[in-house]
Amino acid sequence: MGNKDPFDGVPYDRVPLGRRVVERPDVTFRPVRNGIDYLLSAVEHLTARRHRDLFPADRDLKYGVLHLHAATEVLLKARLEVEHWSLVFADPGKATLANFQAGSFNSTTVDGAIARLRDIAQVEISDKTRQAIKRLGDTRNAFTHYGHSVPALVVESRSAEVLAFLIEFIEEELHVPTDDFDEEFDTSMRRIRAVLGNIDSLVADRMRDVDAELKGELLESTIMCPACRQFAVLVGSEPQCRFCLQAWTPRDLASEYVMLVTGPDDGQVIPCEDCASEERRAGDERTLVFHVATADNPQDDGKALCFKCGTKYMRRERVVYDHASDAFAEHAPTKRTHDEQH
């Protein structure tokens, strides 16, 4: 039958070491500690091995995004657990304490966690932050499942938004001093803040260069970049973000702007009568976008702007147009052409 194992029956967590028997320590990562560990890993990846002191390596960008998204999910759910452990379950009505303690359950989504924090725990998370988390999630999914090409500065800009939120969220909603964690917490948060400062400095340095280039009257034609969310895209025949260097055709920029900045397209993208040629059917060159904010007044989204020729149509109300001719008729009296603006 073979030799009997001399350690048969010895508990797995008591490991023989020579003549000594040592305790095998449990791996303990409670939610807040776990989330901060992910967060620290994320910021280390996002600032590691910069190429010529600017860009992280591709691998570091990928794992920075993956770990930052994991940190976001874990920390949001940690706050739900503070409210009540059942809220972490996808279906709280089927929650059992035994499954919770064993970690054997399907948990709620990030969107679900945000909704429950708002509706049950009375924790306010702004629409801007929610959108930043969603964009990070989209990038994370693309990196994970499809392989993804995205400018490094886009990743850093998106990450900085979520990082800034998480640091405030941890301090306000999750930090409860304890003897066994407080020193570790303070050390980790100091490291995270120091690295976040490096990312914020990078964004600020780039934007100073952009601001020096796009100033004066150009601000009236400078829009928010759908990719990095900086006011750094000067509309025109070959639009490109001065911050993250993402480039589009005017038509593609108009489509992405509406989808990612203004919200679902409910008719606010139509052909520009100054750009549409007689040979083209209406709708072929949809570059005139309504409800646009520009860098000269970022809080005012009442402008209509052609992303190809720069023609401006001034109107503040949100209107849905069934036909391009309806929009042209209403806007023709107040249209300002590119030549009239200079």
Side-chain angles (χ1 to χ4, degrees), residues 124-135 138 154 157-158 160-162 164-165 203 207 210-211 213-236 239-244 246 248-275 285-324 326-338 340-342:
E124 290 298 326
I125 297 176
S126 70
D127 288 342
K128 180 181 178 182
T129 297
R130 184 173 54 81
Q131 289 300 320
I133 293 172
K134 182 182 184 303
R135 288 191 296 272
D138 292 342
V154 171
S157 181
R158 291 178 181 177
E161 288 183 274
V162 178
F165 159 72
V203 173
M207 282 309 297
V210 171
D211 291 342
E213 180 182 356
L214 301 178
K215 56 186 179 181
E217 292 181 343
L218 293 180
L219 295 176
E220 297 181 15
S221 300
T222 299
I223 63 170
M224 177 184 287
C225 173
C228 69
R229 313 293 289 186
Q230 305 293 336
F231 276 90
V233 179
L234 181 65
V235 300
Q240 181 179 34
C241 178
R242 266 56 167 186
F243 179 86
C244 70
Q246 178 75 42
W248 307 261
T249 65
R251 181 180 179 182
D252 288 343
L253 174 59
S255 177
E256 282 197 34
Y257 185 88
V258 170
M259 180 172 62
L260 300 176
V261 178
T262 69
D265 182 359
D266 58 5
Q268 70 264 36
V269 187
I270 63 173
C272 171
E273 66 176 349
D274 284 3
C275 294
E285 285 296 313
R286 288 159 42 93
T287 58
L288 175 57
V289 183
F290 296 93
H291 318 301
V292 176
T294 52
D296 60 315
N297 189 0
Q299 305 306 315
D300 178 11
D301 64 354
K303 298 179 182 177
L305 178 67
C306 176
F307 285 9
K308 183 175 182 180
C309 71
T311 298
K312 296 179 178 66
Y313 295 77
M314 299 305 179
R315 186 180 179 89
R316 295 185 180 278
E317 305 92 81
R318 175 173 288 275
V319 180
V320 178
Y321 296 100
D322 293 327
H323 303 286
D326 296 335
F328 293 147
E330 289 196 35
H331 285 271
T334 56
K335 184 180 71 171
R336 296 171 58 201
T337 66
H338 212 46
E340 291 171 341
Q341 297 161 22
H342 300 290

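Source: prediction; values computed, not measured. Only this structure's heavy atoms are used, side chains among them; waters, hydrogens and symmetry mates stay out.
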*About how many Å separate CZ of Arg242 and CE of Met207, when rounded to the nearest 0.5 Å?*
12.0 Å
*Do Trp248 and Val233 have side chains that get closer than 4.5 Å, going by heavy atoms?*
yes
*asked:* I'd like to check Gln230 versus Val210 (side-chain heavy atoms, cut-off strictly below 4.5 Å). Are they in contact?
replied: no
*Can you name the nearest heavy-atom pair linking Pro226 to Glu256, along with the distance?*
CB-O, 4.0 Å
*Between Leu253 and Ile223, what is the shortest heavy-atom contact and its length?*
CD2-CD1, 4.1 Å
*What's the spacing between Leu214 CG and Leu219 CG if we round to 0.5 Å?*
7.0 Å
*asked:* Quick check: closest heavy atoms across Val289 and Ala254, and the distance to 0.1 Å?
replied: CG2-CB, 3.6 Å
*For Leu218 and Glu213, which heavy atoms make the closest approach, and how far apart are they?*
CD1-O, 3.8 Å
*Who are the ring-ring contact (aromatic ring centres under 6.0 Å, His included) partners of Phe231, not counting sequence neighbours?*
none
*Measure the spacing between CZ of Arg251 and SG of Cys272 and express it to the nearest 0.5 Å.*
14.0 Å
*Would you say the side chain of Val261 lies within less than 4.5 Å of the side chain of Arg229, judging by non-hydrogen atoms?*
yes
*Run through Asn297, Asp296, Val235, Leu305 and flag the one making a side chain to side chain contact (heavy atoms under 4.5 Å, CB included) with Glu220.*
Asp296
*Determine the sole option in Val258, Leu288, Thr287 for which the side chain to side chain contact (heavy atoms under 4.5 Å, CB included) test with Val269 is passed.*
Val258
*Among all residues two or more places apart in sequence or in another chain, which pass the side chain to side chain donor-acceptor pair (under 3.5 Å) test with Lys134?*
Asp138
*Kindly compute the distance separating CG (Asp211) from CZ (Phe243), expressed to the nearest 0.5 Å.*
11.0 Å
